[in-house]
Amino acid sequence: MRIGVIHGPNLNLLGSREVEIYGTVSLAEIDRRLAERAEGRGVRLISLQSNHEGALVEFVQAQTSAVDGWLVNAAGYTHTSVALRDALAATELPVVEVHLSNILAREPFRRDSLLAPIALGVVAGFGARSYLLGLDALTDHLNGSV
Ligand code: DQA
């Protein structure tokens, strides 16, 4: 099984960016923890972090036939990107949306996600653990586990 992992804008700054909200774990450490979890589950990850909407859309298009599902923290694009939503929807593959912070408990503009309606589910508010929980949920779904 292969999972496409998408990290949106500013997540390259994790570890030093608004640590009171996003914590002190870097993106490299999140990727390391994800890789460890994936290996234990026999899953291969194909990941991209980009600050550019078009690059994320092109990644989705380019990797569609190479993956079985998507683990997505679209960061700010969660709330704005029709293009990324359309790209993911076009793949007809399961999407699990994750966020470090609980977006429902923050500013009103973060409470809307354009991705959530096309997602299998959303994991938010558990810091770096949101990614691991999301990966587990997605792989369980793809494996048909209940
Ligand atoms: C985020 C929440 C978004 O609202 C924000 O723009 C981010 C990170 C999170 O993981 O909590 O950049 O996706």
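Start at 1 and go down the list; that is how both ligands and their atoms are numbered.
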Next on the checklist: Could you check whether atom CD of Glu29 has more than 12 heavy atoms from other residues, nucleotides or ligands sitting under 6.0 Å from it?
Outcome noted: yes
Checklist entry - Hey, are the side chains of Thr64 and Glu92 touching, using non-hydrogen atoms and a 4.5 Å cut-off? => result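 The answer is no, as the side chains (C-beta and beyond) never meet within the 4.5 Å cut-off.
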Name the atoms and distances for all side-chain donor-acceptor pairs under 3.5 Å in residues 107-134, with sequence neighbours left out.
from: Glu107; atom 1: OE1; to: Arg110; atom 2: NE; distance (Å): 2.7
from: Glu107; atom 1: OE2; to: Arg110; atom 2: NH2; distance (Å): 3.4
from: Arg111; atom 1: NE; to: Leu104; atom 2: O; distance (Å): 3.4
from: Arg111; atom 1: NE; to: Arg106; atom 2: O; distance (Å): 3.3
from: Arg111; atom 1: NH2; to: Arg106; atom 2: O; distance (Å): 2.9
from: Ser113; atom 1: OG; to: Glu97; atom 2: OE1; distance (Å): 3.0
from: Ser113; atom 1: OG; to: Glu97; atom 2: OE2; distance (Å): 3.0
from: Ser113; atom 1: OG; to: Leu115; atom 2: N; distance (Å): 3.1
from: Ser113; atom 1: OG; to: Ala116; atom 2: N; distance (Å): 3.0
from: Ser130; atom 1: OG; to: His99; atom 2: O; distance (Å): 2.8
from: Ser130; atom 1: OG; to: Phe126; atom 2: N; distance (Å): 3.1
from: Ser130; atom 1: OG; to: Gly127; atom 2: O; distance (Å): 3.3
from: Tyr131; atom 1: OH; to: His7; atom 2: ND1; distance (Å): 3.3
from: Tyr131; atom 1: OH; to: Asn73; atom 2: ND2; distance (Å): 3.2

Checklist entry - Which other residues end up in the same hydrophobic cluster as Val19, if Ile, Leu, Val, Met, Phe, Trp and Tyr are linked when side-chain heavy atoms come under 4.5 Å apart? => result none
Quick one: ligand 1 N/O to protein N/O pairs below 3.5 Å?
from: ligand 1; atom 1: 4 (O); to: His79; atom 2: NE2; distance (Å): 2.7
from: ligand 1; atom 1: 4 (O); to: Arg110; atom 2: NH1; distance (Å): 2.9
from: ligand 1; atom 1: 6 (O); to: Gly76; atom 2: N; distance (Å): 3.2
from: ligand 1; atom 1: 6 (O); to: Arg110; atom 2: NH1; distance (Å): 3.1
from: ligand 1; atom 1: 10 (O); to: Asn73; atom 2: ND2; distance (Å): 2.9
from: ligand 1; atom 1: 10 (O); to: Leu100; atom 2: N; distance (Å): 2.8
from: ligand 1; atom 1: 11 (O); to: Leu100; atom 2: N; distance (Å): 3.3
from: ligand 1; atom 1: 11 (O); to: Ser101; atom 2: N; distance (Å): 2.9
from: ligand 1; atom 1: 11 (O); to: Ser101; atom 2: OG; distance (Å): 2.6
from: ligand 1; atom 1: 12 (O); to: Arg17; atom 2: NH1; distance (Å): 3.1
from: ligand 1; atom 1: 12 (O); to: Arg17; atom 2: NH2; distance (Å): 3.0
from: ligand 1; atom 1: 13 (O); to: Asn73; atom 2: OD1; distance (Å): 2.8
from: ligand 1; atom 1: 13 (O); to: His99; atom 2: ND1; distance (Å): 2.8

Checklist entry - Can you check whether Glu53's main-chain N or O pairs, donor with acceptor, with Tyr77's side chain at less than 3.5 Å? => result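 Side chain of Tyr77 to backbone of Glu53: a pair is present.
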Item to check | Set of residues satisfying side chain to side chain donor-acceptor pair (under 3.5 Å) with respect to Ser50, sequence neighbours excluded | outcome: none
